[in-house]
Visitor: 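Structure in structure tokens, see below.
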There are 2 protein chains.
Amino acid sequence: MNYSITETSRLTGLSKYTLRYYEKEKLIPKVKRDSKGYRVYTKQDIEWLTFLLNIRQTGMSINKIKQFSQMRFKAETISIRRKMLLEHKENIIEQEKKIQKSMAAIEAKIARYDRYTQLQTEQKNVNMY
Amino acid sequence: MNYSITETSRLTGLSKYTLRYYEKEKLIPKVKRDSKGYRVYTKQDIEWLTFLLNIRQTGMSINKIKQFSQMRFKAETISIRRKMLLEHKENIIEQEKKIQKSMAAIEAKIARYDRYTQLQTEQKNVNMY
DNA sequence: CCTTGCGTTATAGTGCACTCTAAGCTGTAT
DNA sequence: ATACAGCTTAGAGTGCACTATAACGCAAGG
């Protein structure tokens, strides 16, 4: 149920540096400590980090995530948090469009390369006979 | 058929600064100049920039784009360029997966918010009667 | 006792992708 | 003549998100 920083790093894929950085930047609440002063991450911490990772990896800035995270335990902020997530969803949809465009452009270029290569090969074959 | 830096900026959405930067970094070949020494972008320049923008916006690094661009006029590099594009395509597919995960996580959270808000509203209604 | 391993902190450094500044040039308009 | 618009350059500066360093603490094992 509880995890050291090394375990948490392994579980989330975030480096230890990043875990400490996120805490300092208040993306996660102050993590509990053991008798040695070592960080002890709870299941809920892991879950929160996992959620943050999702929105981080799709481009929400540290600053926005910070704002979002700071509202976490205030029920009256739900509508703001909701709005932020909807806004991010819009960004994600934009990203998806860019991905589609990029995919098409890449495939067109590869097709061009292949046509060219095919031509060269045929040319060689002609020369052979 | 030919465009000033301002027009090119408007056409591509890249700032003038970025256009000069991309040229300095060799993402595009040296742009032609007019009698005043001003840049003159051709239709082909615009097309190349548009393609670069596609792969840039889906996260290919300036450095990779530079490598790719430098091979542009060497027929014998086609297979390398092809490989680079396929690799980028893989990255894009990974991004898409992250987007799907993030989308699901956001929707789940919004659903949670809505359930909570709904509960609060019902509570109020109970108190009213 | 001391080395090893695992953590702690504050603070500095890195890499990336721009973005801006300062000083200068050229041709047209007032 | 001079002001203005639009460009040029080299090089400095910015913001972001980490990433690393240095110096230290603690406790278990040889």
Side-chain angles (χ1 to χ4, degrees), chain A residues 2-42 45-46 49-70 88 91 95 98 102, chain B residues 2-42 45-46 49-70 88 91 95 98 102:
Chain A
N2 287 340
Y3 309 93
S4 71
I5 194 163
T6 298
E7 287 164 338
T8 303
S9 172
R10 194 181 39 75
L11 282 169
T12 60
L14 295 161
S15 75
K16 296 182 200 177
Y17 294 141
T18 303
L19 286 170
R20 295 193 193 100
Y21 169 67
Y22 279 9
E23 187 177 346
K24 190 164 61 183
E25 291 297 319
K26 307 217 171 80
L27 272 57
I28 45 172
K30 268 189 180 293
V31 173
K32 286 196 198 84
R33 305 302 179 107
D34 68 9
S35 57
K36 293 187 201 169
Y38 290 10
R39 283 172 181 79
V40 177
Y41 292 85
T42 64
D45 288 330
I46 308 286
L49 282 167
T50 304
F51 179 70
L52 295 192
L53 199 61
N54 275 321
I55 56 176
R56 180 75 201 95
Q57 282 185 337
T58 49
M60 189 183 283
S61 72
I62 293 295
N63 216 295
K64 280 247 175 71
I65 295 179
K66 181 177 176 169
Q67 286 171 45
F68 180 79
S69 297
Q70 304 254 37
H88 187 55
N91 292 343
Q95 282 179 54
K98 282 173 187 169
S102 186
Chain B
N2 286 341
Y3 309 94
S4 71
I5 194 162
T6 299
E7 287 164 340
T8 304
S9 172
R10 193 180 41 74
L11 283 169
T12 60
L14 296 162
S15 75
K16 295 181 200 177
Y17 294 140
T18 303
L19 286 170
R20 294 192 194 101
Y21 169 67
Y22 279 9
E23 187 177 346
K24 191 163 60 182
E25 291 297 317
K26 306 216 170 83
L27 271 57
I28 45 172
K30 269 190 178 295
V31 174
K32 287 194 198 85
R33 304 303 178 106
D34 68 8
S35 58
K36 294 187 201 169
Y38 290 10
R39 282 172 180 78
V40 178
Y41 292 86
T42 64
D45 288 329
I46 308 286
L49 282 167
T50 304
F51 178 70
L52 294 193
L53 200 60
N54 275 321
I55 57 177
R56 179 76 203 95
Q57 282 183 336
T58 49
M60 189 184 281
S61 72
I62 293 294
N63 216 295
K64 279 247 174 72
I65 295 179
K66 181 179 177 169
Q67 285 172 45
F68 180 79
S69 298
Q70 304 252 37
H88 186 56
N91 293 343
Q95 283 179 53
K98 282 173 188 169
S102 186

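Since the structure is predicted, the reported quantities are computational estimates derived from the model, not experimental observations. Within every chain, numbering begins at 1; the chains are lettered A, B, ... in the order of the sequence lines, protein sequences first and strands thereafter.
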Visitor: Of the candidate nucleotides dG11(D), dT19(D), dC20(C), which contains the atom at the shortest distance from the side chain of Lys24(B)?
Guide: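 Comparing dG11(D), dT19(D), dC20(C) against the side chain of Lys24(B), the answer is dG11(D).
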
Visitor: Provide, to the nearest angstrom, the distance between the CG atom belonging to Leu19(B) and the C1' atom belonging to dC7(D).
Guide: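 The distance from CG of Leu19(B) to C1' of dC7(D) comes to 13 Å, rounded to the nearest Å.
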
Visitor: Distance check needed: dT21(C) C1' versus Lys16(B) NZ, whole Å only.
Guide: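 One finds 15 Å between C1' of dT21(C) and NZ of Lys16(B), rounded.
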
Visitor: Does dT11(C) have OP1 or OP2 under 4.0 Å away from a side-chain N or O of Arg20(A)?
Guide: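 Checking dT11(C) against Arg20(A), no side-chain N or O comes under 4.0 Å of OP1 or OP2.
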
Visitor: If you check the Ser15(B) side chain, which of dT9(D), dT19(C), dG7(C) turns out closest?
Guide: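 Among dT9(D), dT19(C), dG7(C), the one nearest the side chain of Ser15(B) is dT19(C).
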
Visitor: Report the distance from atom OH of Tyr21(B) to atom P of dA10(D), rounded to the nearest whole Å.
Guide: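 After rounding, the reported distance stands at 15 Å.
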
Visitor: From CG of Leu53(A) over to P of dA17(D), roughly how many Å is that when rounded to an integer?
Guide: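 Spelled out: CG on Leu53(A) to P on dA17(D) is 14 Å.
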
Visitor: Quick one: on DNA chain C, does Asn63(B) or Ser35(B) contact a more 5' nucleotide (nearest heavy atom)?
Guide: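 With Asn63(B) and Ser35(B) compared, the 5'-side residue is Asn63(B).
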
Visitor: Could you give the OH-to-C1' distance, from Tyr17(A) to dG7(C), as a whole number of Å?
Guide: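 Interatomic distance, OH of Tyr17(A) to C1' of dG7(C): 12 Å.
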
Visitor: Does Tyr38(A) make a side-chain donor-acceptor contact with the base of dG25(D), cut-off 3.5 Å?
Guide: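 Under the 3.5 Å cut-off, the side chain and the base do form a donor-acceptor pair.
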
Visitor: Between atom OH in Tyr22(A) and atom C1' in dA17(D), what is the gap in whole Å?
Guide: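 Rounded to the whole Å, the gap is 8 Å.
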
Visitor: Check the distance between dC18(D)'s P and Lys66(A)'s NZ and give it to me in whole angstrom.
Guide: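 Nearest whole value for this atom pair: 14 Å.
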
